[in-house]
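Shown next, in structure tokens, is the structure this report addresses.
Heads up: numbering here begins at 1 and tracks the sequence. Quantities reported herein were computed from a predicted structural model and do not represent experimental measurements. Computed from heavy atoms alone, side chains included, the values below leave out hydrogens, waters and symmetry copies.
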Amino acid sequence: MKNSIHLLAIALFLFTLNSCSDDSGTDPSDEFVGATFQLREGMEWDYNYFRLPNQNEIFDGKIYTKHKLNGELGNKQSFKREIKFVSSNSNSDAYSIVSTDDDEYSYYFDSGLGFHSIIQEQTRESWMKMIDYRNESWVQFDIQADSITPDNKEYSAIYKRYGSKVEDLEVEYKGQSYNATKYIVTFLIDVSIDGEQTLYFNTDFYMTIIEGIGIYKTERYEDSNGPYDTEVLIDHK
């Protein structure tokens, strides 16, 4: 189970990845507008990908992504985001379903979390918010699910997902300076059986958006330290 949760978080990072149909976050407000971009069919991005599995070993590779129109899904215009690993993990090509508009950047979570039925029902087939362009902070999920296991043990699972704006900044891309906005999204999973913690997972995703261009950088941190993954934009069209 631990490995499946870990792979889920890595997949969400690689898909860069968000609004649930019964989102508990704040309503859109005209007081704040972050850096946004609109998806179009055929858009392509080229990223350099760096991974640090420990403090003294670095792998680098190239990630190529492209968008294809997927149609309307859950009242959102959706795109299939295809990901190809060019020089590392070449057998790990993948895709996700994403959408963005003036309010938020989101991805479609069609399988639920898969480790607890109560949480799974609340997260299955939902648009899940990664960035809220209209609010400086938001809560996607704050769920606690308590039950009894088949062998009569008390089972408690906590799942939290929330985000906020970090800062406005200037980044250099292809020799030019651009205004950008940096956001953080946090995933917290805490599972206990009979009061003993059996799974704890806390991951931060930092995403930096260049206005009108797209995701410039994505960084993943586990428990606020290494290991981490980083994608940096090197070209787009």
Side-chain angles (χ1 to χ4, degrees), residues 3-18 35-37 39-68 70 79-100 105-109 128-131 161 163 166-167 169-178 180-187 201-237:
N3 287 338
S4 64
I5 297 298
H6 187 81
L7 290 173
L8 167 65
I10 293 175
L12 296 183
F13 164 75
L14 292 176
F15 299 160
T16 53
L17 341 127
N18 299 323
T36 66
F37 69 100
L39 295 178
R40 296 187 306 274
E41 185 170 12
M43 290 180 71
E44 299 177 10
W45 292 265
D46 206 346
Y47 292 89
N48 274 345
Y49 170 52
F50 305 90
R51 186 180 183 195
L52 181 61
N54 52 53
Q55 296 303 314
N56 55 22
E57 185 177 10
I58 296 179
F59 297 94
D60 65 327
K62 200 174 185 181
I63 293 180
Y64 161 86
T65 69
K66 184 176 181 178
H67 280 86
K68 291 185 176 181
N70 188 67
F79 288 82
K80 184 177 181 180
R81 186 172 192 267
E82 298 180 334
I83 299 172
K84 183 173 179 60
F85 296 83
V86 178
S87 57
S88 69
N89 300 321
S90 58
N91 295 323
S92 301
D93 297 351
Y95 75 92
S96 62
I97 302 298
V98 298
S99 181
T100 191
Y105 178 68
S106 57
Y107 73 93
Y108 194 72
F109 202 5
M128 298 178 68
K129 179 163 39 187
M130 196 64 143
I131 297 174
R161 178 189 178 92
V166 176
E167 62 178 333
L169 69 162
E170 200 170 81
V171 299
E172 184 171 320
Y173 168 56
K174 298 178 69 171
Q176 297 186 44
S177 293
Y178 292 88
T181 305
K182 187 175 185 179
Y183 303 87
I184 181 174
V185 177
T186 297
F187 299 85
F201 188 80
N202 188 10
T203 298
D204 292 331
F205 295 83
Y206 289 88
M207 299 182 69
T208 302
I209 304 295
I210 298 177
E211 175 74 35
I213 291 179
I215 300 170
Y216 167 71
K217 181 186 288 187
T218 307
E219 304 160 278
R220 180 178 67 89
Y221 292 81
E222 291 184 12
D223 300 319
S224 300
N225 52 48
Y228 67 81
D229 301 89
T230 303
E231 295 176 20
V232 181
L233 183 67
I234 58 173
D235 198 11
H236 79 285
K237 58 183 178 180

**Message:** Between Ile215 and Leu233, does the side chain to side chain contact (heavy atoms under 4.5 Å, CB included) criterion hold? Intermediate values first, please.
**Reply:** CA-CA 7 Å; Ile215 300 170; Leu233 183 67; over 6 Å; no

**Request:** Kindly indicate, with the supporting measurements, whether the criterion side chain to side chain contact (heavy atoms under 4.5 Å, CB included) is fulfilled by Asn48 and Glu231.
**Result:** CA-CA 6 Å; Asn48 274 345; Glu231 295 176 20; over 6 Å; no

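- Side-chain atoms of Tyr216 come within 3.5 Å of backbone N or O of Glu172 as a donor-acceptor pair.
- Of the inter-residue distances, the one linking Lys182 atom NZ with Ile209 atom CD1 reads 12.0 Å to the nearest 0.5 angstrom.
- Among residues two or more places apart in sequence or in another chain, the side chain to side chain donor-acceptor pair (under 3.5 Å) test is passed with Asp235 by Lys174.
- The heavy-atom pair separating Ile234 from Lys62 by the smallest distance is CD1-CE, 4.0 Å.
- Residues that satisfy the side chain to side chain donor-acceptor pair (under 3.5 Å) test with His236, not counting sequence neighbours, are Tyr173.
- Using bins of under 30°, 30° to 60° and over 60° for the plane-to-plane angle, the ring pair Tyr49/Phe85 lands in the perpendicular bin.
- Exactly one of Tyr183, Phe79, Phe37, Phe205 qualifies for a ring-ring contact (aromatic ring centres under 6.0 Å, His included) with Tyr105. That residue is Phe37.
- For Glu44 against Lys237, the heavy-atom pair with the smallest separation is OE1-CE, 2.6 Å.
- Here the CD-CD1 distance, from Gln176 to Ile210, works out to 10.0 Å after rounding to the nearest 0.5 Å.
- With values rounded to the nearest 0.5 angstrom, Thr186 atom OG1 is found 4.0 Å from Asp204 atom CG.
- With sequence neighbours excluded, the residues forming a ring-ring contact (aromatic ring centres under 6.0 Å, His included) with Tyr206 are Tyr221, listed by chain and number.
- For the atom pair OH (Tyr64) and CD (Glu82), the distance works out to 8.0 Å, reported to the nearest 0.5 Å.
- Residues meeting the side chain to side chain contact (heavy atoms under 4.5 Å, CB included) test with Thr36, sequence neighbours left out: Tyr133, Glu211.
- Interatomic distance, NZ of Lys66 versus CZ of Arg81, reported as 13.5 Å (0.5 Å rounding).
- The two residues Ser99 and Leu39 come nearest to each other via the heavy atoms CA-CD1, 4.1 Å.
- The main-chain N or O of Ile63 is never found under 3.5 Å from a side-chain atom of Trp45 such that the two would form a donor-acceptor pair.
- For the side chain to side chain contact (heavy atoms under 4.5 Å, CB included) test, residues two or more places apart in sequence or in another chain that qualify with Glu170 are Ser177, Asn179.
- Thr181 is linked by a side chain to side chain donor-acceptor pair (under 3.5 Å) to Asp168, counting only residues two or more places apart in sequence or in another chain.
- Here the closest heavy-atom approach between residue Thr208 and residue Ala180 is recorded as CG2-CB, 3.8 Å.
- Minimum interatomic distance between Glu41 and Lys68 (heavy atoms only, all atoms of both residues): CG-CA, 4.1 Å.
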